[in-house]
Amino acid sequence: MLRRLLPVAVLLGCSGILGTGTASATALPIQDCTTTSGVIVAVDFSHWGGPVVRGCGSTPTTGYQLVNQGGLATTGTAHDGPGFICRISYSGFNGGTGEPADQKCLTTPPASASWSYWNANPGQSSWTLSPTGAANTNPPGGAVQAWTFGGGSPNFSPTSVRAQNSSPASSARSSSASRRGGTSAPVSQPVSKPTAPGSSTKGAAGNSSAAGKTSQSAGRSTGRAGSPASTPAASATGAVGILTLGSAGPTASQRIVDAEPDPAPHSSGSGSYVPELAGGAIVLGLAGLAGFTMWQRKRAG
Amino acid sequence: MPARASTGRRIPRGLHPVAWWLWAAGLAVAVSRTSNPLLLAMVLAVLGYVVSARRTDAGWARGFKYYLWFALIVVAIRVVFRSVFASPVTPDDHILFSLPRLPMPGWYAGVQLGGPVSLEASLSAALDGLRLACILCCIGAANSLANPKRALRVLPGALYELGVAVTVSISVAPQLIDSVRRVHRARQLRAGRRAGVRGLRSVAVPVLEDALARSLQLAAAMDSRGYGRTGTASRASRRLTAALLLLGVVGLAAGMYGLLDNTLPAAFGLPVLLAGSLLCCGGLLAGNRRVSRTSYRPDPWRAPEWLVSGSGLLCAALLIVAGSVAPAALNPSLYPLSWPPLPVLPTIAILLAATAGVAAPPPPARLPVAGRPVPARTRVAA
């Protein structure tokens, strides 16, 4: 029942983000999120064999803003607009096409193919299904949000994706400046599998692109080896950027990928006036014909 | 071939009511497939043209403009509701105005009252309303074009048992429009017209009274002509018919629900729907068998009937095909705002439906002389 109501809740709740001061919300490197500042959003692509993508955003923000920055982007339905989230994409997963790719996103997708939206405020160790839509949720600093597909609650705990450091690491901050220049790559953290991500048993079957991307990112992030952070959970410590979470880690072989703060491109509306002119001409022609017929009948009778 | 008089003019006659209903149902199905404002406007124009060209002069046939008003109200209600119950607003939206936000308690936070109203949301609501309005106008066009009393005659015999209910339900809309026109005319003739709520009351009460009285009168007339008679049916066969029909309707409803709800197993949808329709058919057949009825002046089904109903059904089929081939053109996105396209196939399909205005024979004059076309000039004003 709750699952079926969820799209409605997402739609109805996604209202009025204006006036909440979202203009200043930006994507931050993951190291800038601490236990008290910044909000972490985790999007679970494991339904398609992908990773859990983790991003960090500055406050004040909205859930909608969080899942639309740092390489993450949402697609609404054509009928109800962008606030009715149908698809979530990550630039580093499946070419950024967005999942579920098999939904047309013209009208409300079925309950079995919808994203559900979970919250955990600072200090909370369990997820709560958000009573409000993403655009209407203003998470406080230190909160964690999760998006899972298919309606079930996340199979990772808030603690496993939450920032553990109490202050942003200065080295991380300096590296974030260089990464904004576009030379960076996502950091991959294969949990409880300290081997190379490409050898993951889960990745062998259907998610070659995700596994490839992960191994590539692991290779590329060697350039960041000189930026160790002070806490274990939110930073890359190894030379290849692979991190094994301790007891706080999820039980499943969940890979967590940190999203990059790059701006998502905005598409702009377009279209030509020609169809309007042609359509208008046809409508006017028919209306004129109707008017003429009526006039003729009135004259006759 | 359309029947022609010796002078070359086509002989006026009323088209078979089922042909008009099939045509209108086809257009309604076509409308339900699209939210493209150009196509919707085109459907409205087609309806307007065909109704103005082929309606008769009877009272029930002059009601199309009331359906248009009703359609306008539907669109307005939709837009108002979308504005009050605030809809998603993203930073890219064009904000028209902002309503004051009503704070809601936490357990009711999923619904927001008030807030910014975006152009996109208002347009989306208006287009949704327009689609519903178009479907309403399709029904209105069928009600204005097809004689409701003659439509009653083609109902399956099993429904005759429900005599009064069926008569009232089918004829109440046309009767209502007829009553509105009569009351309006009477008020115009009288002095001291009142406006506002009191004026509305002085219209609404007599209209409702008149429409219901006339529907009941019609039902009584139908009853005296054999409606609601069980004939020679035994109690057992009556019960069998009733059980079959009831089970069939339940099956239809359950099957429809199964088809539309994806969470139910697939076996619940189509099979149940088919079983329900089979039961319904069985019930109707069983009901028909024991009702023997002869008809005086049967409505013929000739080439114009085929053309009219075919054009409507073809329009529906073409739009369903177009919807599966290129759904984006039928449901243009409002996010981001852009001018809607004009897809070729649906345009042709809708214009095809407009040929009903030519294919149908001209409507009979108000006081037809049997077997002879009435020259338009000599019509008597009744």
Side-chain angles (χ1 to χ4, degrees), chain A residues 3-5 8-19 22-23 64-65 68 76 78-84 104 106-107 110-113 131-136 266-276 278-280 282-287 289-294 297 300-301, chain B residues 35 37-39 41-42 44-46 48-53 57 85-93 95 98 101 106-107 109-112 114-116 118 120-121 124 128 261-263 327-328 331-343 347 351 354 357 365-366 376-377 379 381:
Chain A
R3 274 192 303 161
R4 199 169 304 159
L5 286 176
V8 182
V10 171
L11 169 70
L12 292 175
C14 288
S15 58
I17 65 161
L18 250 80
T22 56
Y64 179 82
Q65 196 96 20
N68 271 291
H79 182 263
D80 292 300
F84 203 107
K104 280 187 280 189
L106 293 174
T107 53
S112 57
T132 55
N136 212 29
H266 281 295
S267 55
S268 60
S270 61
S272 111
Y273 293 87
V274 180
E276 270 54 45
I282 293 176
V283 170
L284 280 182
L286 280 167
L289 207 59
F292 176 72
T293 321
M294 270 157 70
R297 287 181 67 159
Chain B
S35 65
L38 288 177
L39 296 178
M42 215 177 285
L44 276 183
V46 164
Y49 162 64
V50 174
V51 167
S52 66
D57 287 326
F85 293 94
S87 46
V89 174
T90 55
D92 294 336
D93 286 359
I95 304 297
S98 264
R101 168 76 62 84
W107 54 270
V111 177
Q112 296 288 330
S118 70
E120 284 87 347
S124 161
D128 250 7
D261 187 355
N262 289 357
T263 56
N331 301 286
S333 172
L334 291 167
Y335 303 90
L337 278 180
S338 63
W339 293 102
L342 186 67
T347 306
L351 288 181
R366 209 180 303 183
R377 286 284 176 188
R379 272 183 214 159

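For the numbers below, each heavy atom of this structure counts, side chains included, while hydrogens, waters and symmetry mates do not. Below, chains carry the letters A, B, ... as their sequence lines are ordered, and counting in each starts from 1.
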Region of [X] that comes under 4.5 Å of a non-hydrogen atom in chain A:
X	value
B:Ser35	neither
B:Leu44	neither
B:Ala354	side chain
B:Pro340	both

To check you understand the geometry: which heavy-atom pair defines the closest contact between [X] and [Y], and what is its length?
X	Y	result
B:Leu342	A:Gly279	CD2-N, 3.6 Å
A:Arg297	B:Ser52	NH1-O, 3.0 Å
A:Leu286	B:Tyr49	O-CB, 4.0 Å
B:Leu38	A:Glu276	CD1-OE2, 3.5 Å
B:Ala45	A:Ala287	CB-N, 4.5 Å

Checklist entry - Under a 4.5 Å heavy-atom cutoff, which of B:Ser124, B:Gly357, B:Pro332, B:Ala53 has the most pairs with chain A? => result B:Ala53
Checklist entry - For A:Ile282, is it the side chain, the backbone, both, or neither that has a heavy atom closer than 4.5 Å to a heavy atom of chain B? => result side chain
